[in-house]
Amino acid sequence: MNGTSQLGDFLRARRSQLRPEVAGVPTYGERRRVPGLRREELALLAGVSASYYARLEQGHSLGASPEVLDAIARALRLDESEHRHLHDLARPPKPRSGRRPALERVTVATAQLLDTLGDVPAIVIGRRSDVLAWNRLGHALFAGHLDPGAPDVPAQRPNMARLVFLDTHTRDLYANWPGKARAVVGNLRLVAGQYPLDAALHMLLGELSTKSEDFASMWADHRVKACAVAEYEMRHPLVGSLTVIQQTLNQGPGPSIVVATTAAGSPSRAALELLAQATARAAPARSDNRLSTG
């Protein structure tokens, strides 16, 4: 997977998904072989030549100007995340440094923040969706069937994308699993555009594509989604159904903290409090796994 192929695949996917009537392109009742726009129609909307746009889709024109990319984004009716992703894909990748990528770590400041969120489920996620740390309630809500100390050992760190697609417990945890799965794939698309030379990320994507038909199908759709805020109904094996809002804090370079909150006075808040009590009784001698800095 390289920048040129990703850019071409993304443009073709978006063009095929944009219907002429939505884009304001008249069809005069003609029969069309595909539901989406033709190359020349998209080029006309973007104000570029059909031959130049064709080269972009074929991966022969990396380094397109920001103005051209903005025009194509408007023609394709991309949202903010998709617009940013288009620019990432069109940017020539930086040469490999030859050095091994630095191991993702949890900073002291992030560990302190995690510490203050004791009553709120929280996990620290790396850019490839590896769990770098979690507090006790975060572990209990998202992956209570796993070893609480798993994030402490880099080689054993759980990966949330892998759990969502390959782990039965996690799949059953979400009442609307397809919605959660699409959000995971959309976020990985953004990361793949930002880090086109990340070998470990490509290995993860290859593994998921091979082992999960659902992932392969969703990945081929080229949907892009920033997982900032989303509401999910969860079916927890200990406390039953609860609705949480998952929010990703400190988005951008470096690890992010994902927290799950519930409405005050709601049955979901009561379920979360019950889960906190149950996990506190189950492991009274173990302190929260807060400082996974390996």
Side-chain angles (χ1 to χ4, degrees), residues 79-85 87-88 101-143 146 148 150-154 156-165 167 170 173-174 179-198 200-205 208 215 218 223-232 234 244-262 272 288-294:
D79 63 22
E80 183 179 350
S81 295
E82 295 166 335
H83 193 158
R84 186 169 64 250
H85 183 60
H87 279 266
D88 287 337
L103 189 67
E104 290 187 292
R105 299 176 181 273
V106 176
T107 65
V108 172
T110 299
Q112 290 176 351
L113 178 57
L114 195 63
D115 184 35
T116 66
L117 297 172
D119 296 331
V120 177
I123 58 177
V124 182
I125 301 292
R127 73 177 186 228
R128 306 179 195 94
S129 300
D130 293 321
V131 179
L132 308 184
W134 46 31
N135 61 12
R136 186 178 62 210
L137 201 49
H139 165 254
L141 179 64
F142 292 107
L146 301 182
D152 293 328
V153 183
Q156 298 178 10
R157 284 174 175 166
N159 180 277
M160 292 308 297
R162 189 179 285 116
L163 289 175
V164 166
F165 281 95
D167 181 76
T170 306
L173 195 59
Y174 290 91
K180 176 62 177 178
R182 283 192 294 270
V184 169
V185 172
N187 187 67
L188 284 175
R189 271 283 175 203
L190 284 175
V191 176
Q194 295 165 359
Y195 302 95
L197 301 181
D198 189 327
L201 175 62
H202 293 172
M203 289 180 62
L204 172 65
L205 298 175
L208 293 175
F215 180 88
M218 293 181 187
R223 294 292 179 183
V224 176
K225 182 179 179 64
C227 297
V229 180
E231 182 176 281
Y232 295 105
M234 304 183 77
V244 304
I245 294 179
Q246 293 184 16
Q247 301 181 59
T248 301
L249 310 179
N250 61 299
Q251 287 184 302
S256 298
I257 297 180
V258 177
V259 299
T261 58
T262 54
L272 204 56
D288 286 348
N289 175 22
R290 295 189 294 255
L291 300 175
S292 298
T293 56

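The figures that follow rest on heavy atoms only: side chains count, while hydrogens, waters and symmetry mates do not. Positions are given from 1, in the same order as the sequence printed here.
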Asker: Within a strict 4.5 Å, meaning less than it, do heavy atoms of the F165 and V185 side chains meet?
Answerer: yes

Asker: With heavy-atom distances below 4.5 Å as the criterion, would you say the side chains of Q246 and M234 are in contact?
Answerer: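 A side-chain contact exists here, since the closest heavy-atom pair is under 4.5 Å.
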
Asker: Among T261, V259, T262, which one satisfies side-chain contact (heavy atoms from CB on, under 4.5 Å) with V244?
Answerer: T262

Asker: Below 4.5 Å, heavy atoms only, C-beta onward: do R157 and L132 meet side chain to side chain?
Answerer: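 Touching, per the 4.5 Å side-chain cut-off.
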
Asker: Take atom CG of D79 as the centre, draw a 6.0 Å sphere, and report whether it contains more than 12 heavy atoms from other residues, nucleotides or ligands.
Answerer: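 Yes, the 6.0 Å shell around CG holds more than 12 heavy atoms from other groups.
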
Asker: Please report the shortest heavy-atom distance between N159 and L204, naming the atom on each side.
Answerer: ND2-CD2, 3.8 Å

Asker: Does E104 use its side chain to pair, donor to acceptor, with the backbone of R127 at less than 3.5 Å?
Answerer: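 Yes, the answer is positive, given that a donor and an acceptor are paired below the 3.5 Å cut-off.
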
Asker: Is any side-chain heavy atom of I257 closer than 4.5 Å to one of I123?
Answerer: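 No. Closest side-chain heavy atoms not under 4.5 Å.
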
Asker: With a 4.5 Å heavy-atom cut-off, do P158 and W134 have their side chains touching?
Answerer: yes

Asker: Under 4.5 Å between any side-chain heavy atoms of V258 and M160, yes or no?
Answerer: no

Asker: Out of D115, T116, T110, which residue meets the side-chain contact (heavy atoms from CB on, under 4.5 Å) rule with L113?
Answerer: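 Only match with L113 under side-chain contact (heavy atoms from CB on, under 4.5 Å): T116.
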
Asker: Side chains of L137 and D119, heavy atoms from C-beta outward: is any pair under 4.5 Å?
Answerer: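 Answer no - side chains too far apart.
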
Asker: Would you call F142 and L163 a side-chain contact if the rule is heavy atoms closer than 4.5 Å?
Answerer: no

